[in-house]
Amino acid sequence: MVRWGVPDPSPIARLRPKKAFGQNFLVNDGAIATIVGAAVASDAPRLLEIGPGPGVLTERLLADGRPLWAVDLDPEACELLQTRFGGCPQFHLLQGDAVRIPLPEGGPWSVIGNLPYNAATPILARLLTEGVAWERMVLMFQLEVAQKLMGIPGTKAYGPLSVLAQLCARLTRLVKLGPGSFRPAPKVDSAVVLFEPRQDAPLLQERRALLQVLHRSFAHRRKTLANNWQGVLSAEALSKAGITSALRAEVIAPSAWLLATRELLNHHPEVFPSSCP
């Protein structure tokens with residue numbers, strides 16, 4: 001029997017969605033095919049799936065033949081995944097929080113994930129600011145988060161996440177999905193975003209410093225940079241870094257933020273926590 005557009009719903013039916021883990025299992029067969037197709041189009045020799053849940057994506061990814069590492073926090077999901085795929089030699093399971101657990105070394109990776117809404121942003125920040133060697137990423141987000149990722153200067157969606165993501169990757173929205181594409185149905189729309197790395201992406205040290213600069217600069221969106229940096233950097237120091245203190249953060253382009261961060265790292269390292277560089 002076919003339900004929810006998925007040929008075999010039994011794995012989903014066997015796993016109880018848990019609100020605490022932000023679980024909304026994808027059941028839209030067209031979206032599943034789109035995600036898997038985009039992921040396996042990568043030349044990366046390994047696959048890394050975050051939040052596999054009942055393994056709907058996992059099953060099709062394993063059919064590609066490449067080694068796959070799956071990371072999930074839910075013990076019940078891990079038990080089901082081990083039952084379903086434990087006999088497959090290319091399947092490797094890591095139980096733990098993808099925000100904190102040591103991720104497998106090596107790569108490069110094609111990273112895939114129907115990310116839990118309550119952890120999607122910190123997971124993405126980790127993938128962008130730590131030494132995870134990804135060749136591409138195909139990730140599901142709440143639509144509002146996807147819009148922020150692709151936000152342009154001068155718009156409400158534009159913010160720190162926009163700047164970091166756009167400096168590190170070329171972004172393409174592959175598909176938008178309504179609540180009916182998931183079980184249980186969330187109260188919001190979702191979107192799948194493809195990340196392809198930029199050759200001129202900032203160094204990891206610069207990315208971490210960039211986030212520090214952005215979080216302070218966007219701390220109060222309606223205030224000018226001079227107000228947000230008051231007591232830390234003077235208007236003159238900001239101007240020398242290439243950003244006008246009378247402006248608001250939301251009007252400054254990603255490239256200007258990167259140049260400013262590099263200037264501040266060179267001339268004002270005191271504004272960064274010792275752990276940042």
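Annotation: side chain of Leu68 is not in contact with side chain of Phe85 (no heavy-atom distance under 4.5 Å). Here the side chains of Arg262 and Glu206 are in contact, with some heavy-atom distance below 4.5 Å. Leu164 places a side-chain heavy atom less than 4.5 Å from the side chain of Thr129. Two residues are said to be in side-chain contact when any heavy atoms from C-beta on lie closer than 4.5 Å; Thr244 and Leu225 fail this criterion. Residues Pro179 and Asp189 meet the side-chain proximity criterion, which asks for heavy atoms closer than 4.5 Å. In this structure, Leu124 and Met137 have side chains that are in contact, with non-hydrogen atoms separated by less than 4.5 Å. At a threshold of 4.5 Å between non-hydrogen side-chain atoms, the residues Pro254 and Pro153 count as touching. Side-chain contact between Phe25 and Val56 is absent, with no heavy atoms from C-beta onward closer than 4.5 Å.
Within the 3.5 Å criterion, the main-chain N or O of Val40 finds a donor-acceptor partner in the side chain of Arg66. The backbone N or O of Asn24 sits less than 3.5 Å from a side-chain atom of Asn114, completing a donor-acceptor pair. Listed for the Arg207 side chain is no donor-acceptor partner under 3.5 Å among the backbone atoms of Ala125. Under the 3.5 Å distance criterion, the side-chain polar atoms of Glu250 are left unmatched by any main-chain donor or acceptor of Lys156. Remark: the backbone N or O of Pro54 is paired with a side-chain donor or acceptor of Arg84 at under 3.5 angstrom. At distances below 3.5 Å, at least one donor-acceptor pair connects side-chain atoms of Ser110 with backbone N or O atoms of Ala39. Side-chain N or O atoms of Glu135 include none that pairs as donor or acceptor with a backbone N or O of Gly107 at under 3.5 Å. A distance-only check finds no donor-acceptor pair linking the side chain of Trp229 to the backbone of Arg216 [under 3.5 Å]. Counting only distance, with no hydrogens or angles, the side chain of Asp72 and the backbone of Gln95 share no donor-acceptor pair below 3.5 Å. Side chain of Thr83 to main chain of Glu79: a donor-acceptor pair is present (N/O by atom type, distance under 3.5 Å, no hydrogens or angles).
Connection of Phe141 to Val99 is established within a shared hydrophobic cluster, with ILVMFWY side chains joined at heavy-atom distances below 4.5 Å, either directly or through further cluster members. Each of Leu259 and Leu233 belongs to its own hydrophobic cluster when Ile, Leu, Val, Met, Phe, Trp and Tyr are linked at side-chain heavy-atom distances under 4.5 angstrom. Residues Leu143 and Leu149 do not share a hydrophobic cluster, clusters being chains of Ile/Leu/Val/Met/Phe/Trp/Tyr side chains in contact below 4.5 Å. Note: the hydrophobic cluster containing Ile152 does not contain Leu214 (ILVMFWY, side chain heavy atoms under 4.5 Å, direct or indirect links).
The salt bridge (Lys or Arg N to Asp or Glu O under 4.0 Å) search around Arg136 returns Glu196, not counting sequence neighbours.
Annotation: the span from Trp134 atom CH2 to Ser42 atom OG amounts to 10.5 Å, rounded to 0.5 Å. With values rounded to the nearest 0.5 angstrom, Ile101 atom CD1 is found 9.0 Å from Leu73 atom CG. Arg170 contributes atom CZ, which lies 7.5 Å from atom CD of Gln199 (distance to the nearest 0.5 angstrom). Rounding to the nearest 0.5 Å gives a distance of 5.5 Å between CG of Leu171 and CE of Met150. Atom CZ in Phe182 sits 5.0 Å away from atom CG in Leu177 (nearest 0.5 Å).
Between Tyr158 and Phe218, the ring planes lie perpendicular to each other; the angle is over 60°, past the 30° to 60° tilted range.
Contact record, Pro104 with Leu48: CG-CD1, 4.1 Å, taken as the closest heavy-atom pair. Smallest separation of non-hydrogen atoms from Leu26 and Ala31: CD1-CB, 4.2 Å. Residues Ser245 and Thr224 come closest through the heavy atom pair O-CB, 3.5 Å. Taking both residues in full, the closest heavy atoms of Leu128 and Cys168 are given as CD2-CB, 4.0 Å, listed atom of the first, atom of the second, then distance. What you find for Ser217 and Asn228 is that their closest heavy atoms are O-ND2, 2.8 Å. Closest approach of Leu174 to Ala38, counting heavy atoms only: CD1-CB, 3.8 Å.
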Does the side-chain contact (heavy atoms from CB on, under 4.5 Å) test come out yes or no for Leu211 and His215, once each step is laid out? CA-CA 6 Å; Leu211 276 181; His215 285 317; 4.0 Å; yes
Assess whether side-chain contact (heavy atoms from CB on, under 4.5 Å) is satisfied between Phe272 and Leu264, documenting all intermediate values. CA-CA 9 Å; Phe272 300 101; Leu264 293 174; 4.0 Å; yes
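Applying the salt bridge (Lys or Arg N to Asp or Glu O under 4.0 Å) test to every pair with at least one member in residues 236-246, sequence neighbours left out, gives these pairs: Glu236-Lys240.
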